[in-house]
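Structure, as structure tokens:
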Amino acid sequence: MTRLETAGALIGRTVERVEDAGLLTGRGRYIDDLPVRRDTAHLAILRSPHGHAEIRAIDTTAARALPGVFTVLTGEDVARLTRSMTVGVKANVECWPIARDRVRYVGEPVALVVAENRYVAEDALDLIEVDYAKLAAVVDPEKALAADAQVLHPSLGTNLINERIFRYGDPEAALATAAHRISIRIAYPRNSCTPIETYGVIAEYDPGEDAYDVTANFQGPFSIHAVISRALNVPGNRMRLRTPPDSGGSFGIKQGVFPYVILAAVAARVAGRPVKWIEDRLEHLTASVSATNRVTALEAAVAADGRITALFWDQLEDCGAHLRAPEPATLYRMHGNMTGAYAIENVAIRNRVVLTNKTPTGLNRGFGGPQVYFALERLVHKIAVELGLDRLDVIRRNLVPADAFPYRTATGGLLDSGDYRVALDRALGEGGLEAMRLRRDEARAEGRLYGIGYAAVVEPSVSNMSYITTVLTPEERAKAGPKNGAQAVATIAIDPLGSVTVKVASVPQGQGHRTVLAQVVAERLGLSLEAVRVNAELDTARDAWSIASGNYASRFAAAVAGAAALAADRIRDRLAAIAAAQLNVTADSVDFGAGKLFDRNNPDNAVSFGRVAAASHWAPGTLPDGTGQTIRETVFWTPEQLEAPTATDGINSSLCHGFIFDFCGVEIDRTTGQVRIDRYVTMHDCGRILHPGMVDGQVRGGFAQAVGAALYEEYAYGGDGSFLTGTLADYLIPTVMETPEPLILHHETLSPFTPLGAKGVGEGNCMSTPVCIANAVADALGVEDIQLPLSPSRVSEWLYGEERPPSKPRDPTPAATGASGERMLTGSGSAEVTATRDSVWAMLLDPNTLKAIIPGAHEVRKVSDTHFRAEVTLGIGPVKGRYRADIRLSDMVEPEAVTLSGGTEGALGSGRGTGRVTLTETTTGTRIDYRYEAAIGGKVASVGGRLLDGAARVVIGQFFQALARHAGSASDAIGLKKRLSTLFRRRR
Amino acid sequence: MPHLNAAQRHLVHFTLNGRMVRAEVENRMLLSDLLRHEIGLTGTHVGCEHGVCGACTVQIDGKPARACLTLAQQIRGSNIRTVEALVTDPAVLSPLQAAFRHHHGLQCGFCTPGILMSLDALLRERPDAGRKEIREHLSGHLCRCTGYATIIEAALDAAEEQRKEETPNA
Ligand code: FES
Ligand code: FES
């Protein structure tokens, strides 16, 4: 393609952002800020407390009867008005946005309430009774494949939903002749770049036209629009999807709002009024979307000098409970660059996708990159260590050489440009590797733990819309019809006063698209930045868009800004022709600048931009013949390099491939196991830099998220499928205190495939940084099996495991983890009351007394003499919930002893336990002794153990204090309270 | 705080960005919901509603506070300031806001109003705050976009600017 010249008057400069004045003064327009119709109701969602259970019955009677509730919908109600969402592989499964006969992950929607406001809607959720029959949960992707594993989708008959095997070159021959075979096994954890703004949807249904109109903070890709329309059973033109002007970050995550678009749309239809839903943070962390966790076995055939001749990938991808569009894209996004930054001729790949009882996965910054590069770069580190080679030498020896670009990878990718070795050497020099090595040597000489890590990756951007079809066999692909390309679109419009508006379908999530587009277009038309206005939100009923539209795969700078430049050039050429006639010169001597069109050879011979630009409106008849209008120009651009997969499964999965080389030094605190990043250097080649400030902002932001993924963040599940990190107090996002400032370096080699020479840059550090830090930790500790996140507790296990056994054996009883991932609590205590033993006994068996003394009880019902039902509200730490308890009495020795056993269940978790209570007569009354053993699952179990144990003791203490108050005189109770509190403090 | 009947709405009076406001609210109404959904000042954002992210930070009687952890009933008679009050002339950014724009201290802007309200309070109370203090002060806020460095630069710059303005050039 022809290279467009950039004068550089605006492109490449760090101008202030046009977005910021509004955002800084509280005038942003995020989804929850938008005006809505006056009759808009609010949606709240009842969610599964279980990882895996059958739904036996749902009783919504009480919820419907609550004043202010408009309607309540179950999965069956939704199913009647919709179709299953499209699944991206050939498999006999359905994929619904709400549970029908079974729940398969904690947080899965079970019922919808539409009410006059959010408070009432949430009240109504408490009144819905769901009868669940728990099933064994499948959490570990490898165990999900076992012959006797519980199957999530009976129609599928297995948890393995897809398997494909690929072979490129002759990997077996390379292995047979290799000097070494070196392998590594990785279990990459789940995490999420979770934005600070949660999901939001405003939906409306017009029965007259059978049409939906939805505004959602969706980020694309708009291929999902087809999934939504099909699920709602309407043609695409009856599913109008709009995005708000501002979005509070996404990082891929807001692609996952689409099942809620469907739910809110149906709820609006049934309620007969617009419905608004704003997700809360607990819902977001538990059930919005997550990156995949992946188990990878990677083996390399290696020559004696460290040169890699073949790679054998075995990837087991865990997509959670349902395979939601566009999954299993995480597994295939990197398919063209599975050899990373290296020239490796032979590759074998086995890709398997498994379903487990976890939140379904979707887009997440880095999308597949962190999982792939963690394995590949850990392996390169290991190769050097095992062969006794310098790690940098092994990297250098394998890098794609500069004269090989554009370089076709073994798996079909086309690496567009680069000069990897030079970029690497510049990074080492300018980043100060020598000084870092000295610090490491000094630290080690003092007995401190210091390590250095490296990582070299290519960062793909501008996804080929057909890469996901690589999951199909060539025959299946042939049947489904060809898919390829990635249409980017930009429109430039000129109004009657001659001012310029740019319209794109890029749906920015905070990346400053409007500023960059103004730079690009203003520069090409010789205007000031302020003269150009940009609109980047999307309305599918009105705007130019394609399935590739949206904000993902780092496509903005490379594709969207490029399309805008092309559109500007088309307008520019026509304006030049019009001006030429007026200036009496030829079009090729017309230049643009300072808001004027002028004769390059005689700049005084000029006419104002506005006058020429408006001519199409006011006097179309005066335009030179054949010029065409200048009112509006829309350019669709799709790069020819994005071809469909070949018959042998070669796929150029992305248009551009930036290069990143990172190195870092970390120090590990021997006492606490804490990893401190001493220095981090990140070198980027992202092609032409359009706005240096924003590029560095993308790098820093991605880096901070990657530090989180490396050291703190994990979407953790208990063995019973309970979700353990449901608040921002459990899912630890780095604050300013945990985020070091990286040194950012750039090396520009322009992409020959994009209009401006730019490549994507936003995701690279999410791919390179976790493994770079892991390699540094491996270097510091000499440990090979590094698992993320590198939390102090995990690191200290390696430290103490290696150096000395724990000084004290662990106390086996308190706060262990139950067999099925539940949290175990045990405790005991005693209390003295002034009442006689007989009357205490009677109180313990009387529902009215129990209601008065059980903390938070609303109701206690006696089902039989030995069976009680109670409704209680309890708050533990930040988690307050309503629970239903079922209590049975056994082993009764009247009036001396009784065993209470029971279970409790609520939206936030479940528990079961037994307690033995014994009553002994004393001189002043009765002594009550109790010991209990309980297991807690669900969200409450994610509350820190110390908090939970403490809270349980307080609740149980409150129970006996209330009993004492009930049984004894007031003055006694005060004395008793003191005794009790000392007692409880002492016990532990 | 007086004893309130849960079944009724109750009147609260307070000063909001310099003007007296009266509102009738349910006892359980959060200050964040009152500001955003009853009064319509949507500059105060909500990111977690459990007190961790800091997006909802406003000033109550000059001190930064989480609007999501405050009940509307608790602010009777208080003086509340939100991000909307940081500019006096809508066309001119305050020095702190201008520094954020200059240093690219924001991307999506969702965390920004809360951070501005915290920093505004800090710089008023301690005009000589340096990098360390600013960092510590910011540790109560989560930003998922910027990686924080540019926020610190902006705050340092604004502090310096403020000191210059306050030193009489005699
Ligand atoms: S919304 Fe208040 S702290 Fe997060
Ligand atoms: S700018 Fe997006 S969260 Fe801070």
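Since we're looking at a predicted model, the values are computed, not measured.
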Donor-acceptor check, side chain of A:Arg17 to backbone of B:Gln107, threshold 3.5 angstrom: yes or no? yes

Where does A:Pro740 contact chain B at under 4.5 Å (heavy atoms): side chain, backbone, both or neither? neither

Minimum heavy-atom distance A:Ile196-B:Ala55, with the two atoms named: CG2-CB, 4.3 Å

Taking A:Tyr30 for its side chain and B:His45 for its backbone only, find out whether a donor-acceptor pair lies under 3.5 Å. no

If every non-hydrogen atom of B:Tyr148 is compared with every non-hydrogen atom of A:Pro734, which pair is closest and at what distance? OH-O, 2.8 Å

Please report the shortest heavy-atom distance between B:Thr146 and A:Arg700, naming the atom on each side. O-CB, 3.5 Å

Top contributor to chain A contacts, counting heavy-atom pairs under 4.5 Å, from B:Glu84, B:Glu26, B:His102: B:His102

Would you say that more than 12 heavy atoms from the other residues, nucleotides or ligands in this model lie under 6.0 Å from the CZ of A:Arg29, or not? no

Between B:Leu69 and chain A, which part of the residue has a heavy atom less than 4.5 Å away: side chain, backbone, both or neither? neither

How many angstroms lie between OG in B:Ser139 and CD in A:Glu738, if you round to the nearest 0.5 Å? 8.0 Å

A:Gln698, part contacting chain B, at a heavy-atom distance under 4.5 Å: both

Per-residue tally against chain A (heavy atom, under 4.5 Å) across B:Gly147, B:Gly54, B:Cys108, B:Gly43 peaks at B:Cys108

So does B:Ala149 get a backbone contact from the side chain of A:Glu741, meaning a donor-acceptor N/O pair under 3.5 Å? no

Exceeds 12 heavy-atom contacts within 6.0 angstrom, atom CZ of B:Arg163: yes

Under a 4.5 Å heavy-atom cut-off, does chain A meet the side chain of B:Arg101, its backbone, both or neither? both

Under a 4.5 Å cutoff for heavy-atom pairs, which residue among B:Val87, B:Thr44, B:Val83 has the most contacts with chain A? B:Val83

So OG1 of B:Thr42 and CG of A:Asp32: to nearest 0.5 Å the spacing works out to 8.5 Å

Per-residue tally against chain B (heavy atom, under 4.5 Å) across A:Asp33, A:Thr14, A:Leu23 peaks at A:Asp33

Highest number of heavy-atom pairs under 4.5 Å with chain A: which of B:Leu106, B:Val52, B:Thr112? B:Leu106

So which of A:Ser247, A:Pro35, A:Gly28 has the biggest tally of heavy-atom pairs under 4.5 Å with chain B? A:Ser247

Side chain from CB out, backbone as N, CA, C, O: work out which of these in B:Leu138 comes under 4.5 Å of a heavy atom of chain A, or both, or neither. both

If I measure from the heavy atoms of chain B, does A:Ser250 come under 4.5 Å with its side chain, its backbone, both, or neither? neither

Salt-bridge present (A:Glu713, B:Arg144; N to O < 4.0 Å): yes

By a 4.5 Å heavy-atom criterion (distance strictly below it), what part of B:Ile152 contacts chain A: side chain, backbone, both, or neither? side chain

Of all the heavy-atom pairs spanning A:Gly248 and B:Phe110, show the shortest one and how long it is. CA-CB, 3.7 Å

In terms of heavy-atom proximity below 4.5 Å to chain B, should A:Asp696 be classed as side chain, backbone, both, or neither? neither

Select, from A:Asn117, A:Thr198, A:Thr194, the one with the greatest count of heavy-atom pairs under 4.5 Å involving chain B. A:Thr194

Check the pair B:Glu136 / A:Met737 against side chain to side chain contact (heavy atoms under 4.5 Å, CB included), numbers first and verdict last. CA-CA 7 Å; B:Glu136 273 166 16; A:Met737 305 307 272; 3.9 Å; yes

Salt-bridge test for A:Arg118 and B:Glu49: reply yes if a basic N is under 4.0 Å from a carboxylate O, no otherwise. yes

Enter the distance from A:Asp280:CG to B:Cys68:SG here, rounded to the nearest 0.5 Å. 11.5 Å

Check: B:His50 side chain, A:Leu728 main-chain N or O, donor-acceptor pair, under 3.5 Å: yes

With chain A as the partner, which of B:His103, B:His141, B:Arg28, B:Met29 has the greatest number of non-hydrogen pairs under 4.5 Å? B:Arg28

Side chain, backbone, both or neither: which part of B:His37 has an atom under 4.5 Å from a heavy atom of chain A? side chain

Non-hydrogen atoms of chain B under 4.5 Å away: do they reach the side chain of A:Asp246, the backbone, both or neither? neither

Under 4.5 Å to a heavy atom of chain B? For A:Val15 that would be backbone

With respect to chain B, which residue among A:Val736, A:Thr735, A:Val707 yields the maximal number of heavy-atom pairs within a distance under 4.5 Å? A:Val736

When every non-hydrogen atom of A:Leu24 is compared with those of B:Phe100, the smallest separation belongs to CD2-CB, 3.6 Å

